[in-house]
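Heads up: the structure comes next, in structure tokens.
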Amino acid sequence: MPLARSAIVRIAGYTPGEQPRDRRYVKLNTNENPYPPSARVAAALRSFDPARLRLYSDPLATDLRRAAAQPLGLGPEWAIAGNGSDDLLTIAVRTFVDQGGALAYAEPSYSLYPVLADIQGAAHVPIALDARFDPPADTAAQAARARASLLILCRPNAPTGNACARESLEAICHDFPGVVWIDEAYADFADDNCLDFVQRFPNVVVSRTFSKSYSLAGLRLGLAFAHPDLIAEMMKVKDSYNLDMLTQALGLAALEDRDAMLSNVQRIRATRGRLVAALEAMGFAVPPSQANFILARPPRAIAAGALFRDLRERGYLVRYFDLDRVRDYIRITIGTDEEMDGFVQAVGAILRQTGG
Ligand code: PMP
């Protein structure tokens with residue numbers, strides 16, 4: 001007899017993007033930021049007194065939550081902090097989905113969502129995105145019909161990069177009777193966002209991460225915003241000390257220098273435009289991206305899986321998902337201009353070799 005719950009034994013678990021140590025790659029596979037975090041973060045790290053670590057961290061991360069909510073004109077009771085936004089997604093599923101209940105999520109989207117349903121012992125309610133990878137008009141009806149209590153939508157969506165119209169998300173938030181979680185991990189790279197929804201809808205949560213725009217993937221810090229009633233329920237579920245003291249201090253420093261983040265975002269958006277133009281000129285199809293990555297379908301001469309492997313041999317690591325609707329594409333994280341120039345050259349060389 002297996003020792004673990006059958007729901008766990010049955011599943012494969014989530015597969016994160018590779019973090020290889022065998023050789024140096026240009027890492028374009030996990031949507032990390034190619035630029036370092038703010039100099040204020042570096043200064044806060046240097047001046048952190050290790051003697052402080054003797055004591056527990058603030059279990060409520062109040063200073064960080066206050067600093068995060070303040071630009072919205074809100075108090076800390078509107079925010080919860082997590083050990084990465086993955087931690088917040090786990091908290092969400094444990095807070096809002098019963099064992100034996102149902103979790104609705106878009107597909108294709110972030111592949112962690114169905115894994116969290118499995119761990120909770122909840123049913124999957126995948127909602128197929130339309131041809132442009134936007135949620136269909138009857139998303140709320142589909143999720144409600146399947147008795148889902150939580151609906152997770154990602155905007156801009158991963159791994160497709162597109163941001164659906166705000167109005168269509170607004171309608172979904174209005175119509176769905178349960179909680180709508182809007183995963184905005186990539187929103188800093190987009191033209192607009194849905195953070196204002198949390199003040200207009202009592203059933204909406206918007207999550208953010210410091211892993212992408214703030215260049216702090218290794219620190220593990222995420223935030224979610226919602227009406228204080230929803231935040232209060234999630235605070236009961238989180239680990240008591242889910243944010244260590246160093247993360248709270250460095251996260252605060254990062255928030256104090258939003259300009260550094262925004263200037264990196266501007267550079268990445270400009271590089272994104274140049275990369276898309278270069279790939280389109282080589283015959284790639286690229287759905288419009290509002291994120292720090294693009295999804296790109298190579299020209300007929302080469303299959304996406306083969307291109308992924310050839311790029312890897314040349315030292316460029318991108319992401320390939322052998323999944324319905326995206327298996328003809330590779331996903332490329334936006335690096336520096338220099339990295340992207342090398343990448344485009346490598347793609348060109350591979351295409352010439354295959355006669356494309
Ligand atoms: N949401 C989406 C859509 C993501 O792509 C990621 C990164 N894999 C996350 C959430 C989680 O990011 P983190 O836990 O680093 O905040």
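In listed order, ligands and their atoms are each counted from 1. Quick caveat, the model's predicted, so the values are computed rather than measured.
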Indicate, with yes or no, if the rings of Tyr110 and Tyr14 have centres closer together than 6.0 Å.
-> yes
Without hydrogens or angle criteria, can the side chains of Asp87 and Thr90 be said to hold a donor-acceptor pair below 3.5 Å?
-> no
Contacting atoms of ligand 1, where contact means under 4.0 angstrom from a heavy atom of Thr209 | 13 (P), 15 (O), 16 (O)
Any N or O on Tyr110 sitting closer than 3.5 Å to an N or O of ligand 1?
-> yes
Between Asp86 and ligand 1, does any nitrogen or oxygen pair lie at a separation below 3.5 Å?
-> yes
In terms of heavy-atom contacts, does CZ of Arg300 have more than 12 from other residues, nucleotides or ligands at under 6.0 Å?
-> no
From CG (Asn33) to CD1 (Ile334), nearest 0.5 Å = 11.0 Å
Phe210 contact mode with ligand 1 (heavy-atom cut-off under 4.0 Å) = neither
Closest to atom 13 (P) of ligand 1 by heavy-atom distance, out of Pro159, Ser85, Gly82, Ala185, is Ser85
For ligand 1, which atoms, with element, lie under 4.0 Å from some heavy atom of Gly84?
-> 14 (O), 16 (O)
With atoms numbered from 1 as shown, which atoms in ligand 1 lie under 4.0 angstrom from a non-hydrogen atom of Lys212?
-> 7 (C), 8 (N)
Under 3.5 Å, is there a donor-acceptor pair between the Thr336 and Glu338 side chains?
-> no
Counting heavy atoms only, which of Asp183, Leu221, Ile152 is nearest atom 2 (C) of ligand 1?
-> Asp183
Does the Lys238 side chain pair with the main chain of Pro59, one donor and one acceptor, at a distance under 3.5 Å?
-> yes
